[in-house]
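To start, the structure under review is shown below, and the notes come after it.
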Amino acid sequence: MPEITSIESQKKKKDRFNIFVDGKFRFGLDAETLVKSGLKIGQEISEKEIEKLVFENETNKLTEKALHFLSFRPRSESEVRKRLKSKTLHSSFFIHYSSDEVIDTVVQRVKRLGYINDEEFTRWWVEQRQTHRPRGARLIKSELYQKGITQEIIEKVLPEDEEGEIEQALKAAKKKLRSYDLKSRESRQKMSQYLARRGFDWETIKEALSRLMNSSDPQ
């Protein structure tokens, strides 16, 4: 049976340790995993036990990376999974575990901590768009689909609201009034094109422009 012959602190990362088996380096562990494992010099260790320890170590490292990624702003589960996929270390010790299993373990752990919730993320995304960068529901839905949000969640958070859509179009249009004089047909066309690029449909654009032109103080 292979035997642990040395446990040495890494020079650059004092909270990580190199584990030597039968005189040769075999794997590294963070301090938390090492303490939990109870490893000690002279202890016999099987390949299966090594793989289990490496798996635990990898999930700890990726959990830290996930939490760091989430510290900047809310993320969807799909975004987190893609990020972790790019960070997964492909260890030769993983005989019984795939990188997807490592990522699944990390995602479930972070979910339990309350940092991943697609419905809450969707509400945040919609609020950010409607408050700071007004755009149509069609474009917002497209963005959310790209973030991996399901249609069920999108429809729950962003139900059809004709008046709300017009209000968003008005908000977007008012930010551009200095650039477009709506008395000019050419300017109205440019404004319509601008709103269309922001994801509003023609009926919404027509109503928004009508209200702006009939407003005594469109600013």
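As a basis for the values below, the full set of heavy atoms in this structure was taken, side chains included, without hydrogen atoms, waters or symmetry mates.
Taking each heavy atom of Trp202 and Ser192 in turn, the nearest pair found is CZ3-OG, 4.0 Å. Shortest non-hydrogen contact noted between Arg109 and Thr63 is NH1-OG1, 3.2 Å. Contact detail for Pro2 and Asp22: the closest heavy-atom pair is CA-OD2, 3.6 Å.
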Next on the checklist: Applying side-chain contact (heavy atoms from CB on, under 4.5 Å) to Arg138 and Phe200, what does each step give before you reach the verdict?
Outcome noted: CA-CA 7 Å; Arg138 180 177 58 188; Phe200 297 101; 5.9 Å; no
Checklist entry - What's the verdict on salt bridge (charged side-chain N to carboxylate O under 4.0 Å, His left out) for Glu58 and Lys61, showing C-alpha distance, side-chain angles and the deciding distance? => result CA-CA 5 Å; Glu58 284 297 295; Lys61 287 167 61 177; 3.5 Å; yes
Item to check | Residues Ile45, Val21; criterion side-chain contact (heavy atoms from CB on, under 4.5 Å); working and verdict | outcome: CA-CA 8 Å; Ile45 187 168; Val21 177; 4.3 Å; yes
Next on the checklist: Could you go through Lys156 and Ile153, starting from their C-alpha distance and side-chain angles, then the distance that decides it, and tell me whether this counts as side-chain contact (heavy atoms from CB on, under 4.5 Å)?
Outcome noted: CA-CA 5 Å; Lys156 179 179 181 181; Ile153 291 178; 5.6 Å; no
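When only modelled atom types and interatomic distance are considered, Gln10 and Asn18 share a side-chain donor-acceptor pair under 3.5 Å.
Between Lys147 and Ser78, every side-chain heavy-atom pair lies at or beyond the 4.5 Å cut-off. Under the 4.5 Å side-chain criterion, counting only non-hydrogen atoms from C-beta, Thr204 is not in contact with Leu195. Contact check for Arg16 versus Thr33: no side-chain heavy atoms found under the 4.5 Å cut-off. Residues Ile205 and Leu209 form a side-chain contact, since some pair of their non-hydrogen atoms from C-beta on lies under 4.5 Å apart. Put simply, the side chain of Lys190 does not reach to within 4.5 Å of the side chain of Tyr194, judged on heavy atoms. Within the 4.5 Å cutoff, side-chain heavy atoms of Leu62 are placed close to those of Val102. With contacts defined as side-chain heavy-atom distances shorter than 4.5 Å, the pair Met191/Lys176 qualifies. Using a 4.5 Å cut-off on side-chain heavy atoms (C-beta onward), Ile116 and Phe121 make no contact.
Using cut-offs of 30° and 60° on the angle between ring planes, the pair His68 and Phe72 is perpendicular.
One hydrophobic cluster, built from ILVMFWY side chains closer than 4.5 Å, cannot hold both Tyr115 and Trp124; they sit in different ones. In the hydrophobic clustering of ILVMFWY residues, with side-chain heavy atoms under 4.5 Å counting as a link, Ile41 and Leu39 come out together. Hydrophobic clustering (side-chain heavy atoms under 4.5 Å, transitive across Ile, Leu, Val, Met, Phe, Trp, Tyr) keeps Leu34 apart from Phe20. Hydrophobic cluster membership differs between Phe25 and Leu53, with clusters built from Ile, Leu, Val, Met, Phe, Trp and Tyr side chains linked at under 4.5 angstrom. Cluster annotation: Val157 is not connected to Leu139 through the hydrophobic network of ILVMFWY side chains, with a link wherever side-chain heavy atoms come within less than 4.5 Å.
Between the side chain of Asn57 and the backbone N or O of Asp30 there is at least one donor-acceptor pair closer than 3.5 Å. No donor-acceptor pair under 3.5 Å is formed between the side chain of Ser76 and the backbone N or O of Gly148. No donor-acceptor distance shorter than 3.5 angstrom exists from the side chain of Ser210 to the backbone of Lys206, with no hydrogens or angles considered.
Few gaps surround NZ on Lys141; more than 12 heavy atoms of other groups in view lie less than 6.0 Å from it. Residue Lys175 qualifies as enclosed at atom NZ: its count of foreign heavy atoms under 6.0 Å is above 12.
Atom CD of Glu119 sits about 9.0 Å away from atom OG1 of Thr150, to the nearest 0.5 Å. Distance check, rounded to the nearest 0.5 Å: OG1 of Thr5 to CD1 of Ile19 gives 10.0 Å. The distance from atom CZ of Arg197 to atom CZ of Arg135, rounded to the nearest 0.5 Å, is 12.0 Å. Interatomic distance, CZ of Arg75 versus CG of Asn117, reported as 16.0 Å (0.5 Å rounding). Here the straight-line distance linking atom CD1 of Ile154 with atom OG of Ser142 works out to 9.0 Å at 0.5 Å rounding. The line from NZ of Lys85 to CG of Asp100 is 4.0 Å long, rounded to the nearest 0.5 Å.
A salt bridge is defined here as a Lys NZ or Arg NE, NH1 or NH2 lying under 4.0 Å from an Asp or Glu carboxylate O, and Arg26 with Glu47 meets this definition. Salt-bridge formation is not detected for the pair Arg123/Glu127: no Lys NZ or Arg NE/NH1/NH2 atom is positioned less than 4.0 Å from an Asp or Glu carboxylate oxygen. Between Arg73 and Glu79 a salt bridge is recorded (basic side-chain N to carboxylate O distance below 4.0 Å).
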For residues 163-172, which side-chain N or O atoms pair as donor and acceptor with protein atoms under 3.5 Å away, sequence neighbours left out?
| unit_1 | atom_1 | unit_2 | atom_2 | d |
| --- | --- | --- | --- | --- |
| Glu163 | OE1 | Arg211 | NH2 | 3.2 |
| Glu163 | OE2 | Arg211 | NH1 | 2.9 |
| Glu165 | OE1 | Ala137 | N | 3.3 |
| Glu165 | OE2 | Ala137 | N | 2.9 |
| Lys171 | NZ | Gln130 | O | 3.0 |

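For Gln108, the side-chain hydrogen bond (donor to acceptor under 3.5 Å, both in side chains) test picks out no residue, with sequence neighbours left out.
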